[in-house]
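See structure below.
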Amino acid sequence: MHKCVQDLEVFDLKSMRIWGGRPLDGTVNIQGSKNAALPIMAAAVLHKGMTVLHHCPKIADVLFMEKILIQLGAKVCWKGSSLYLDCSSLENTNIPDQYARKMRCSIILLGALLGRFGKGAIAPPGGCVIGKRPVDLHISMLEALGTRIEEKQGLLEAHTAGLQGGMVSFEKQSVGATEHAMIAAVLAQGVTCLKNCAKEPEIVWLAKFLNGMGASVTGAGTEEIQIRGVSVLKDSEFEIPPDRIVAGTYLCAAAITRGKICLENPPVLELSAFLGIYGKMGGQYDMVGGKLIADASGANGAVGLVETEVYPGFSTDLQSPVMAVLSLARGKSHIRENIFEDRFRVAEDLVRMGAHIRINGRDAYIDGTQKLQGRRVNAQELRGGAALILAGLAAEGETCVENFSLVERGYEQIQEDIRSMGGKASIEEG
Ligand code: EPZ
C-alpha cells in the first residue's frame, strides 16, 4: 500500500474506528476554513505588527504554518479559537525545511518574505500525494515581479532589489499561485495586474483580509485582479469563514447514511455546484434562519457524469467524499477528475469495503452496490481519508481508518462532529 511517507514521519500513527449502519441525525457547527486560513497566515508576515484571526481552525496544517512563523521569529498564541500573530520581530527569512516539505502552501510565504525583506528561501514544498503539484507558476510569477530565484543545495533561494508591480498572466488557473501573487504584490512598487486568476472563495477572503490590513486589492473572485502597492500596513483582526469543504463532507456523511443533519453556519453560497450533485442524488435541503437543514433520506440516486472543475465548478476536494456516497447509489455514476492527475487513490480501499469502482486515468466508473463492509483501511491523503470515514459510517460493522493524522490536516474535530451528528466514532493512538 503506497503511503505518503513524508506525512507519516511527522504524525504519530493514529486511527479512527467507526461503527456504521445508522442514519446520521444531529446538528453540527462548521469549523474555520483551512484553505482560507493558511494563505491569510502567510500574508500576516507582510506586516510588522499584530494580526488576529478569529474562528481559526486548530488543524495540523494550521499548526504547521504556526510553527513556521515561530521559526521565522513571530510570536504566536491562541485564545480559544482566536490566533494572535505578532510579526513585529520577524527576522529569519529561511523557511524551515521540516515543515515546508510537509505542507504545499508554505511556498506562498516566499512572496510575503520578499515583499517585506527582499529575500527568502524555502525547500521545494510537499503536500498530499494527489499529483505532481509543480510550482512553476509561482516561480514565473515572482520572476515577473522582479525576483531572482536560484536552486542551491536543494533550497529555492529568492532575492529582489524590491518587488516591482507588473503584469502576470497565468498559463492555467491556480489557487495557490493567485494567492501568492496577491501577497507578493501588496508591498511591491506600483500596480500589479493578474490575469487568468483562480476564482475560489478563498481568493476573495484573502483579498478581504489584505484590504483590512491596508492593502489595495480589487477584482478578487474574477479572472483579473489588480493590486496597487502600498508601503504601510496596519494591525488587523479577521474572522475566518466556515470551511466549504468540511460542510460538503458532512452533507456527504448525511447522504451516505441517508440521514438528516443541520449545519449551523454553512457557507451555502460557496457550495452551489456540490449542492446540485447532492440534489441529483435525491438529497433535499432548506435554509432556515441561516441554518441548512438537510434531509438525505432519499439520497440514493446515481448521478451520471460529474466532473471536477475550477470554481465555481464542482470542487476537486469533494470528489473523494462524493465517490464514497456514489458507491452506495442505485445505478452507475462516472467521475472525471480534471484538476489533479492522481486523486483516485481512495478507490482501492473503497473497493476493499465492497464498492464496485473501476479507474481509467482521470475517469472513475462507479457501479453502486447495496452494502459496504467495515474493514481496516488506510488514509493516503486528506480528502481520501475523510471519504473512508464516510464509508465507515454507512458500512456494516466496524471500520478502522489508519493514518488518521492525515485527516487531522483539514478536519479540526471530526470525531466530535460525527458524534454531534449522531454517528459513532473513536480515535485510537498508535
Ligand atoms: C489549493 O491547492 C488547495 N489547497 C487544494 O486543497 C485544492 O485542491 C486546490 O487548490 C484546487 O482547488 C490550499 O488552498 C491550501 P492549484 P493548490 O495550484 O493551490 C497545477 C485540500 O484538500 N499547478 O490550484 O496547490 C496543479 O498541479 C487541498 O484542502 C501547476 O501546474 O492548487 C494542479 O493540477 C488539496 N503549476 C492545478 O494547477 C503550479 O505552479 C491546480 O492546482 C501550481 C499548480
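Counting convention: from 1, in listed order, for ligands and their atoms alike. Heavy atoms only: backbone and side chains are in, while hydrogens, waters and symmetry mates are out.
- Between the side chains of Glu309 and Asn338, at least one donor N or O sits under 3.5 Å from an acceptor N or O.
- Checked by distance only, ligand 1 and Glu179 stay at 3.5 Å or farther apart across all their nitrogen or oxygen atoms.
- In terms of the salt bridge (charged side-chain N to carboxylate O under 4.0 Å, His left out) criterion, residue partners of Arg17 (sequence neighbours excluded) are, by chain and number, Glu398, Glu428.
- Atoms of ligand 1 lying under 4.0 Å from at least one heavy atom of Arg383, given by number and element, are 21 (C), 22 (O), 29 (O).
- Heavy-atom proximity to Arg343, at under 4.0 Å, picks out these atoms of ligand 1: 8 (O), 22 (O), 35 (C).
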Which donor-acceptor pairs under 3.5 Å do the side chains of residues 67-83 make with protein atoms, sequence neighbours left out?
residue	atom	partner	partner atom	Å
Lys75	NZ	Ser89	OG	2.8
Trp78	NE1	Glu66	OE1	2.9
Ser82	OG	His54	ND1	2.6

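- Classified by interplanar angle (parallel below 30°, tilted 30° to 60°, perpendicular above 60°), the ring pair Phe209/Phe238 is perpendicular.
- Comparing Ile245, Ile339, Leu382 by heavy-atom distance to atom 34 (O) of ligand 1, the nearest is Ile339.
- A distance-only check finds a donor-acceptor pair linking the side chain of Arg343 to the backbone of Thr316 [under 3.5 Å].
- The parts of Leu137 lying near ligand 1 are both backbone and side chain, judged by heavy-atom distances below 4.0 Å.
- Judged by the shortest distance from any of its heavy atoms, Pro134 lies inside the 4.0 Å radius around the atoms of ligand 1.
- Within ligand 1, the atoms closer than 4.0 Å to a non-hydrogen atom of Gly176 are 18 (O), 19 (O), numbered from 1 in the order shown.
- Between Glu202 and ligand 1 there is no heavy-atom distance shorter than 4.0 Å.
- In the model, Gln173 has no side-chain atom that pairs as donor or acceptor with a side-chain atom of Thr178 under 3.5 Å.
- Residue contacts with ligand 1: Phe340 is placed with no nitrogen or oxygen under 3.5 Å of a nitrogen or oxygen of the ligand (distance criterion only).
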Begin from the C-alpha positions of Asn35 and Glu200 and carry the test side chain to side chain contact (heavy atoms under 4.5 Å, CB included) through to its verdict. CA-CA 10 Å; Asn35 293 348; Glu200 272 68 6; over 6 Å; no
Leu145 vs Leu114, test: side chain to side chain contact (heavy atoms under 4.5 Å, CB included). Steps then yes/no. CA-CA 10 Å; Leu145 300 184; Leu114 285 160; over 6 Å; no
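- Against a heavy-atom cut-off of under 4.0 Å, His138 is close to the following atoms of ligand 1: 40 (O).
- Residue contacts with ligand 1: Gln173 is placed with no nitrogen or oxygen under 3.5 Å of a nitrogen or oxygen of the ligand (distance criterion only).
- In terms of polar-atom proximity, Asp317 is counted as a contact of ligand 1, with an N or O under 3.5 Å from an N or O of the ligand.
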